Amino acid sequence: MPISRAFFDRPAPAVAQDLIGWDFRIAGIGGVIVETEAYTRDDEASHSFRGPRTANAAMFGPPATAYVYRIYGLHRCLNFVCRDAGAVLIRALEPVSGLKEMAERRALEDARLLCSGPGRLAQALGVGLGLNGASLLEEPFALLPPQEASTVVTGLRIGISRAVDRPWRFGRHRSRFLSKPFPPDATVVAGKRPLMPRQQEGESR
DNA sequence: AGCGAGATCGTCT
DNA sequence: GACGATCTCGCTA
């Protein structure tokens, strides 16, 4: 069954953690979510921290709304709006469907680099500002439940200068599609504790 | 592998 | 006028 609005009507950190392993697609193109970050209203790093503005209006919309913004004048970042102006930044996907289209948009072959980063992911999935404010519960979006449970690790958020101490970055343990690996001693917050053999998911490096 | 610079522009100071 | 929830390339080692 498809995802519900209730899934997003929770604190952003909880939603960010639970999104790991879901299959996310736009117009049929996408893959498994392997990395996310949570931002909340009382969080200095969040775009909603200083209240409603024209630019962040989508963050103050209902849960399950897409919030898309342009960063550094050229890239775009995709977020899922949660309860109370919170949001989850989608940072990386393991490409599964539409590899060909993604490779064309990225002008790049290596599957490893197609969606491993918020800007890369947005480019590969064709995310434009036109999707800002759209409902994640309708076309062209699709979110399918995890096929299997993921071991989820957490750590500090990346690329921010304020509220750097909050451990609100979540990722699938040792996925090779992360924008950046988690430290070896990263805290496991869900799923089975990793065992001896350091086996990468997917193909070998 | 890691570091530094450039690209590029709307929003806020 | 400065900066940002980033990416890529070129250089050093």
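All of these numbers come straight from a predicted model, not from anything done at the bench.
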Colleague: Using atom P in both nucleotides, what's the gap between B:dG10 and C:dT8 to the nearest angstrom?
Modeller: 22 Å

Colleague: Do A:Val68 and A:Phe24 belong to the same hydrophobic cluster, where Ile, Leu, Val, Met, Phe, Trp and Tyr are linked whenever their side-chain heavy atoms lie under 4.5 Å apart, directly or via other members?
Modeller: yes

Colleague: Just to be sure I understand the rule, does A:Arg91 reach a base, reach only the sugar-phosphate, or reach nothing, if contact means heavy atoms closer than 4.0 Å?
Modeller: sugar-phosphate

Colleague: In this structure, how many angstroms lie between the C1' atom of B:dG6 and the NE2 atom of A:His75, rounded?
Modeller: 11 Å

Colleague: Which value, in whole Å, describes the distance between the P atoms of nucleotides C:dG10 and B:dT8?
Modeller: 16 Å

Colleague: Is the positively charged end of A:Arg10 above the ring of A:Phe7, judged by distance under 6.0 angstrom from the centroid and angle within 45° of the axis?
Modeller: yes

Colleague: On DNA chain C, which is the earliest and which the latest nucleotide, 5' to 3', with an atom closer than 4.0 Å to a heavy atom of chain A?
Modeller: C:dG4 to C:dT8

Colleague: Of the non-hydrogen atoms in A:Gly51 and A:Phe60, which two are nearest, and what is the gap between them?
Modeller: C-CZ, 3.6 Å

Colleague: Mind checking A:Ser179 for me? I need base, sugar-phosphate or nothing, with any heavy atom below 4.0 Å counting as a touch.
Modeller: nothing

Colleague: Quick one: label A:Gly119 by what it contacts on the DNA or RNA (base, sugar-phosphate, nothing), any heavy atom closer than 4.0 Å.
Modeller: sugar-phosphate

Colleague: Give A:Arg169 one of three labels, base, sugar-phosphate or nothing, depending on what nucleic acid heavy atoms sit under 4.0 Å from its own.
Modeller: nothing

Colleague: Would A:Leu78 and A:Trp22 show up in the same hydrophobic cluster when neighbours are defined by side-chain heavy atoms closer than 4.5 Å?
Modeller: yes

Colleague: With a non-hydrogen cut-off below 4.0 angstrom, is A:Arg53 in contact with a base, only sugar-phosphate, or nothing?
Modeller: sugar-phosphate

Colleague: Could you check whether A:Ile71 gets within reach of a base, just the sugar-phosphate, or nothing at all, counting any heavy atom under 4.0 Å?
Modeller: sugar-phosphate

Colleague: To the nearest Å, give me how far apart CG (A:Asn132) and P (B:dG10) are.
Modeller: 15 Å

Colleague: Would a hydrophobic clustering, with Ile, Leu, Val, Met, Phe, Trp and Tyr connected at side-chain separations under 4.5 Å, put A:Leu136 with A:Tyr39?
Modeller: no

Colleague: To the nearest Å, give me how far apart CZ (A:Arg70) and P (B:dT11) are.
Modeller: 11 Å

Colleague: For B:dG4, give the paired nucleotide (Watson-Crick: N1-N3 plus N6-O4 or O6-N4; G-U: N1-O2 and O6-N3; both under 3.5 Å), or none.
Modeller: C:dC9

Colleague: For A:Gly159 and A:Leu113, find the nucleotide of DNA chain C closest to each by heavy atoms; which residue's nucleotide sits nearer the 5' end?
Modeller: A:Gly159

Colleague: Please name the residue in the list A:Arg166, A:Lys180, A:Arg91 that meets the salt bridge (Lys or Arg N to Asp or Glu O under 4.0 Å) test with A:Glu37.
Modeller: A:Arg91

Colleague: Return yes if some donor-acceptor pair links the side-chain N/O of A:Gln17 with the main-chain N/O of A:Phe170 below 3.5 Å, else return no.
Modeller: no

